[in-house]
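Here is the structure we will look at.
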Amino acid sequence: MTTTENDSRTDDHGFELQKRRKAPWIIGGVVVVAAAAVATRLVFFGDTQSPNEIAGATLVVATAEGNASEQALVNFVAENVAPKYGIDVEFRGLADSNTINRAVSEGEVAGTVYQHQLWLSQVLEANPDFEEVAATPVFRWGFGLWSDKYTDYSQLPDGATVSLYSDPANEAQGLWVLERAGLITLDPAVDKASATQKDIVANPKNLQFALLDFGAQTRALPDIDAAVGYTEYYLAAGIPQEKQIFAPAAPDEFAGQLTIGTQWQDSENITKLVDAFKDPAVQEFLATDPRVKGILLPL
């Protein structure tokens with residue numbers, strides 16, 4: 001923004017003939033600034049070099065913007081853990097999944113902690129040019145069955161409408177929760193991490209399913225019988241924890257992963273970053289800090 005404003009002021013004043021002798025200095029200054037900007041871009045974000053491989057560079061860990069709990073986690077690592085490993089870490093919020101994963105794949109940021117392995121596999125399938133790998137599990141999200149009408153999952157009536165998330169990975173996690181509650185049975189021959197409604201072999205209460213996205217599900221809770229979703233979205237929507245009527249501990253497949261760019265996984269910076277997120281202090285933080293407690297669960 002500052003560069004644009006300065007350029008605008010130069011254009012407004014113009015280059016007057018009587019000041020022609022100053023023009024080379026002005027043009028030279030512009031060339032120097034432009035060259036510096038190009039050089040900076042090439043050093044930090046070009047195809048040949050990333051901050052991930054520059055000694056002393058700040059390593060950015062990104063998540064979806066507005067995610068307070070994940071931001072608190074990254075900031076904790078940055079302030080209390082990263083210095084022990086000789087690295088500087090910084091949080092950045094980015095707009096959406098593709099933006100985050102492209103930035104990780106291209107080395108613009110060092111990693112992200114917003115996704116589990118199943119979501120990552122969907123991202124990579126949809127974007128074959130992305131090159132990323134899940135480096136280490138960090139936490140489990142609070143995830144369970146919510147209801148505005150019932151206080152126990154056993155109270156769900158015959159034909160109850162239950163919402164699952166609309167993306168395949170989180171739909172599978174929702175079906176897993178319902179199976180743990182004994183409300184459905186999934187085909188034992190199917191990998192629970194990729195299960196769909198077609199894999200339900202028993203549904204004694206004849207549950208009906210509504211697929212909704214994250215925001216729509218919380219808004220729809222008063223109009224349906226129950227929903228399976230992330231604790232953080234419900235708390236952010238002002239829905240009290242007491243409305244969560246069943247929440248089994250999630251399996252490893254649904255653990256939040258530190259995801260890094262494949263190209264830099266063996267670099268010194270990224271090796272240290274992975275070690276920082278594996279530090280026992282991170283698990284202690286997840287277990288005790290009120291900013292994340294009940295939302296991001298220790299492993």
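- In terms of hydrophobic clustering, with Ile, Leu, Val, Met, Phe, Trp and Tyr side chains grouped at heavy-atom distances under 4.5 Å, V81 and V274 are assigned to a common cluster.
- A salt bridge links E108 to R92: one of the charged nitrogens lies within less than 4.0 Å of a carboxylate oxygen.
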Self-check item: Q71 vs N67, side-chain contact (heavy atoms from CB on, under 4.5 Å): CA-CA, chis, key distance, verdict
Solution: CA-CA 6 Å; Q71 181 174 353; N67 191 311; 6.0 Å; no

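- A salt bridge links R102 with D129; the closest basic N to acidic carboxylate O contact falls under 4.0 Å.
- For P157, the side chain to side chain contact (heavy atoms under 4.5 Å, CB included) test picks out Y150, A160, D225, with sequence neighbours left out.
- The environment of K205 atom NZ is dense: over 12 non-hydrogen atoms of other residues, nucleotides or ligands sit within 6.0 angstrom.
- Judged purely by atom type and a 3.5 angstrom limit, T112 uses its side chain to pair as donor or acceptor with the backbone of A62.
- In this structure, L120 is a member of the same hydrophobic cluster as L94, with clusters built from ILVMFWY side-chain heavy atoms closer than 4.5 Å.
- Here the shortest heavy-atom pairing between V104 and I260 reads CG1-C, 3.5 Å.
- Hydrophobic clustering (ILVMFWY, side-chain heavy atoms < 4.5 Å, transitive): V190 and I200 are in distinct clusters.
- Annotation for Q283: atom CD counts as buried by contact number, over 12 foreign heavy atoms lying within 6.0 Å.
- Rounding to the nearest 0.5 Å places OG1 of T63 at 9.0 Å from CG of L73.
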Quiz item: What do the steps show when you test N75 against E90 for side chain to side chain donor-acceptor pair (under 3.5 Å), and what is the final call?
Solution: CA-CA 7 Å; N75 285 340; E90 179 181 292; over 6 Å; no

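- Between atom CD1 of residue I270 and atom CG of residue L59 there is a gap of 5.5 Å, rounded to the nearest 0.5 Å.
- To the nearest 0.5 angstrom, Q217 atom CD is 10.0 Å from L211 atom CG.
- Among residues two or more places apart in sequence or in another chain, the ring pair (Phe, Tyr, Trp, His ring centres under 6.0 Å) test is passed with F76 by F285.
- Criterion: ILVMFWY side-chain heavy atoms under 4.5 Å apart, direct or through other members. Under it, V77 and F91 are part of a common hydrophobic cluster.
- The CZ atom of R140 sits 8.5 Å away from the CG atom of L297 when rounded to the nearest 0.5 Å.
- Y114 is listed as a side-chain neighbour of I100, based on a closest heavy-atom distance under 4.5 Å.
- Within the structure, ring-ring contact (aromatic ring centres under 6.0 Å, His included) pairs that include any residue of residues 223-246 comprise W141-Y230, F143-Y230, W146-Y234, Y153-F246, Y165-Y230, F214-Y233 (at least two apart or interchain).
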Exercise. Please lay out, stage by stage, how Q263 and E106 fare under the test side chain to side chain donor-acceptor pair (under 3.5 Å).
Key: CA-CA 9 Å; Q263 180 178 344; E106 295 180 355; over 6 Å; no

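- A 4.5 Å side-chain heavy-atom check between Q244 and L145 finds every atom pair outside the cut-off.
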